[in-house]
Amino acid sequence: MKEKVYEYLLTIPKGKVVTYKQIAEYLGNSKLSRVVGNILHNNPNGNKYPCYKVVNSKGKLSENFAFGGIEKQKEKLKNEGIEVKRYTVNLDKYGYK
């Protein structure tokens with residue numbers, strides 16, 4: 001399951017984000033969102049697998065971002081041209097469908 005999550009991260013285009021639930025649905029069970037979060041928190045390579053592109057269902061960033069905290073996640077998203085307001089991303093504009 002971990003490998004599928006990390007593979008999915010590689011499909012997210014530049015300038016787009018996904019939700020934990022979207023990844024869970026990709027795995028075949030929308031109730032696995034927390035499992036997805038735990039897998040991402042243990043990401044073996046933050047440079048290879050862009051877990052910073054994953055937000056909650058309201059577009060909110062992770063306060064426990066594994067590679068430097070919420071400010072680092074915000075910075076990485078902004079570097080991709082994604083606007084972050086109050087630690088939230090507009091999913092209508094930046095969500096990957």
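When reading the values below, keep in mind they use all heavy atoms of this one structure, side chains included, and skip hydrogens, waters and symmetry mates. Values in this document were obtained by computation on a predicted structure and should not be read as measured data.
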Evaluate the side chain to side chain contact (heavy atoms under 4.5 Å, CB included) criterion for residues N43 and F67: first the C-alpha distance (whole Å), next the side-chain angles of each, then the deciding distance (0.1 Å), finally the verdict.
CA-CA 9 Å; N43 183 344; F67 297 97; 3.8 Å; yes
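- Rounding to the nearest 0.5 Å gives a distance of 13.0 Å between CG of L77 and NZ of K16.
- Considering K76, K72, E80 in turn, E80 is the only one that fulfils the side chain to side chain donor-acceptor pair (under 3.5 Å) rule with Y52.
- Counting heavy atoms from C-beta outward, I82 and N90 have side chains that stay 4.5 Å or more apart.
- Side-chain contact check for V55 versus T88: every heavy-atom pair is 4.5 Å or farther apart.
- Proximity of M1 to V35: side-chain heavy atoms (C-beta onward) are separated by under 4.5 Å at one or more points.
- No more than 12 heavy atoms of other residues, nucleotides or ligands lie within 6.0 Å of NZ in K21, so this atom counts as exposed by the packing criterion.
- A single hydrophobic cluster is seen to contain both L9 and L32, as judged by linkage of ILVMFWY side chains at heavy-atom distances under 4.5 Å, directly or through other members.
- Side-chain atoms of V54 and V17, non-hydrogen and from C-beta on, never get closer than 4.5 Å to each other.
- Nearest approach of L40 to C51, heavy atoms of both residues: CD2-CB, 4.0 Å.
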Take Y6 and N45 through the side chain to side chain contact (heavy atoms under 4.5 Å, CB included) test and state the conclusion after the steps.
CA-CA 10 Å; Y6 297 135; N45 187 336; over 6 Å; no
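- Residues I23 and S33 fail the side-chain proximity criterion, which asks for heavy atoms closer than 4.5 Å.
- Looking only at side-chain heavy atoms (C-beta outward), Y26 and V5 stay at 4.5 Å or farther from each other.
- Atoms NZ and NZ, from K53 and K14 in turn, are 8.5 Å apart once rounded to the nearest 0.5 Å.
- With hydrogens and angles disregarded, no donor-acceptor distance shorter than 3.5 Å links the side chain of N56 to the backbone of S62.
- The two residues Y96 and Q22 make their nearest non-hydrogen contact at O-NE2, 2.6 Å.
- You'll find the side chain of F65 stays beyond 4.5 Å of the side chain of I70, heavy atoms only.
- Residues I12 and Y94 do not share a hydrophobic cluster, clusters being chains of Ile/Leu/Val/Met/Phe/Trp/Tyr side chains in contact below 4.5 Å.
- Across every non-hydrogen atom of L27 and K4, the tightest pair is CD2-CB, 3.7 Å.
- Residues Y20 and L10 share a hydrophobic cluster, clusters being chains of Ile/Leu/Val/Met/Phe/Trp/Tyr side chains in contact below 4.5 Å.
- Here the options are K74, K60, E71, the test is side chain to side chain donor-acceptor pair (under 3.5 Å), and the partner is Y87; only E71 passes.
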